[in-house]
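Beneath this line is the structure, given in structure tokens, with notes to follow.
Naming convention: chains lettered A, B, ... in sequence-line order (proteins, then strands); numbering from 1 in each chain.
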Number of protein chains: 2
Amino acid sequence: MSKKHYHHGNLAEDILNRAVQIIDEGGLGALTLRGIARDLGVSHGAPNRHFKNKAALLSTLATYGWHKVLEATLRADNVDSLDPRLSLNAMGRGFLRWALHNPALFRTLHHPDVARFADDALIEAMRQFTQAISDAVAATQTIGNHPGVPLEILSIYINAVPFGAAMFLIDPFLTHYEQSEIQDMDEEILIEQLINLVVPLK
Amino acid sequence: MSKKHYHHGNLAEDILNRAVQIIDEGGLGALTLRGIARDLGVSHGAPNRHFKNKAALLSTLATYGWHKVLEATLRADNVDSLDPRLSLNAMGRGFLRWALHNPALFRTLHHPDVARFADDALIEAMRQFTQAISDAVAATQTIGNHPGVPLEILSIYINAVPFGAAMFLIDPFLTHYEQSEIQDMDEEILIEQLINLVVPLK
DNA sequence: ATGTAATGTAGTCACTGTCTACTTTGTATT
DNA sequence: AATACAAAGTAGACAGTGACTACATTACAT
């Protein structure tokens with residue numbers, strides 16, 4: 001970190017952290033390699049030693065994000081419950097909570113210009129996530145939930161709710177939308193009510 | 001269109017159409033004002049006469065998209081049904097069908113870098129859409145659907161399903177995902193099964 | 001200790017968005 | 001019909017960006 005050293009130390013990680021901050025503050029459009037380099041007090045070409053190009057940086061960021069969101073989804077309270085419904089409900093809450101707390105990373109996850117240049121690591125991270133959701137959904141089907149619905153379709157449905165809800169809730173549009181009562185709501189209650197709609201605990 | 005004329009005719013509209021094509025082909029990252037100008041055989045500064053800047057072009061595109069998706073949502077078969085559930089179900093199908101057929105425009109709708117610089121027209125278009133959904137959801141509540149759930153939360157839930165599902169289904173990631181049976185499915189059946197999950201016709 | 005690979009620097013290039021001054025053309029007014 | 005004016009397009013310039021190159025510094029394995 002000290003400016004006296006020629007070598008930076010762990011520039012790659014600092015670049016990623018700074019990238020998350022910038023996206024949080026100004027969106028993906030505000031992200032520039034040269035801007036990051038300036039912020040870290042390093043020459044404009046330095047980031048190229050750690051990321052082949054801008055797409056590679058975004059891809060790394062998205063891969064990191066998928067790992068994080070999977071972790072948040074699987075480590076939430078009650079995920080380990082023996083009741084598949086309670087477990088899946090907990091996963092949904094963990095997912096939505098993480099998305100609301102990490103809007104910048106969340107937005108990179110499904111960003112089309114990121115997925116378009118996805119490398120193998122990113123594809124594998126995405127696959128792991130969808131697999132985890134699919135497994136949990138399959139478990140609820142074994143106890144009678146939504147019988148007859150193809151697993152892949154049911155998984156899309158279950159996944160779409162926290163994803164679509166988060167997309168809407170972190171949309172800058174909401175800021176312009178005055179009548180909303182949601183901004184005053186307790187976050188946990190909001191999460192609970194939304195997830196209970198898609199995975200009822202009856 | 002003839003190259004012999006100094007004035008182009010209706011350049012603004014042609015710019016928008018070409019922009020949609022470019023986003024369809026190469027994503028939002030492939031969209032450049034100069035590229036559009038080249039494609040239309042016009043000087044690089046010409047688009048500035050019709051759009052103050054790139055953000056204004058994207059904003060116009062998004063506004064147009066919101067109008068289109070609202071139209072597709074409200075004009076689908078059975079939307080006029082007297083049964084609020086059947087009507088809302090039809091709206092969901094109309095929405096999802098449109099999104100799958102217009103991935104480029106759909107992606108601009110909630111693109112954070114677009115909403116961030118939203119002008120009044122865009123905000124109003126968004127508001128009209130959410131209002132239409134909210135009204136239809138409220139109608140289903142009057143006949144006993146999801147009693148006790150706050151309307152705004154229920155609306156987010158209802159909206160999240162076709163939105164999140166479309167987001168996933170048009171994700172370039174799916175291309176890398178071999179085991180998927182979804183790509184071989186009939187689109188209408190896919191739409192029907194997904195929407196029936198969130199708005200059951202019992 | 002030393003040489004080699006990793007890491008950072010400085011310079012350059014094409015491309016982009018945006019601005020300005022200028023040119024051409026459609027149209028309303030007389 | 002002539003003409004003035006606004007709308008629309010052109011050409012040139014500028015700074016910022018991503019990416020590449022050649023070069024400098026440093027860490028580390030041998």
Requested in this report: Answer yes or no: is there a side-chain heavy-atom contact under 4.5 Å between B:Q131 and B:Q128?
Outcome: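 They are not in contact (no side-chain heavy atoms under 4.5 Å apart), so the answer is no.
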
Residue pair A:Q141 / A:L151, side-chain heavy-atom distance below 4.5 Å:
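Yes. Closest side-chain heavy atoms under 4.5 Å.
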
Self-check item: Distance flag, aromatic centroids of B:H110 and B:F163, threshold under 6.0 Å
Solution: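 Ring centroids of B:F163 and B:H110 are less than 6.0 Å from each other.
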
Next on the checklist: Using ring centroids (six-membered ring only for Trp), state whether A:F129 and A:F95 fall under 6.0 Å.
Outcome noted: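 Close enough - the centres of the two rings lie under 6.0 Å apart.
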
Whole angstroms only, please: what is the [atom1]-[atom2] distance between [X] and [N]?
{"X": "B:R49", "N": "D:dA6", "atom1": "CZ", "atom2": "C1'", "answer": "11 Å"}
{"X": "B:N10", "N": "D:dA7", "atom1": "CG", "atom2": "P", "answer": "18 Å"}
{"X": "A:D14", "N": "C:dG8", "atom1": "CG", "atom2": "C1'", "answer": "14 Å"}
{"X": "B:L57", "N": "C:dG17", "atom1": "CG", "atom2": "P", "answer": "10 Å"}
{"X": "B:L40", "N": "D:dA8", "atom1": "CG", "atom2": "P", "answer": "16 Å"}
{"X": "B:L58", "N": "C:dG17", "atom1": "CG", "atom2": "P", "answer": "10 Å"}

Going 5' to 3' through nucleotides 15-20 of chain D and flagging B where a protein heavy-atom sits under 4.0 Å of the base, S where only the sugar-phosphate is that close, and - otherwise, we get --BBB-

Name all residues meeting the salt bridge (charged side-chain N to carboxylate O under 4.0 Å, His left out) criterion together with B:R97; count only those two or more places apart in sequence or in a different chain, and write none if there are none.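 Counting only residues at least two positions away or on another chain, B:R97 forms a salt bridge (charged side-chain N to carboxylate O under 4.0 Å, His left out) with B:E188.
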
Under 6.0 Å from the CG atom of B:D186, do we count more than 12 heavy atoms belonging to anything else shown?
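Result for CG/B:D186: enclosed.
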
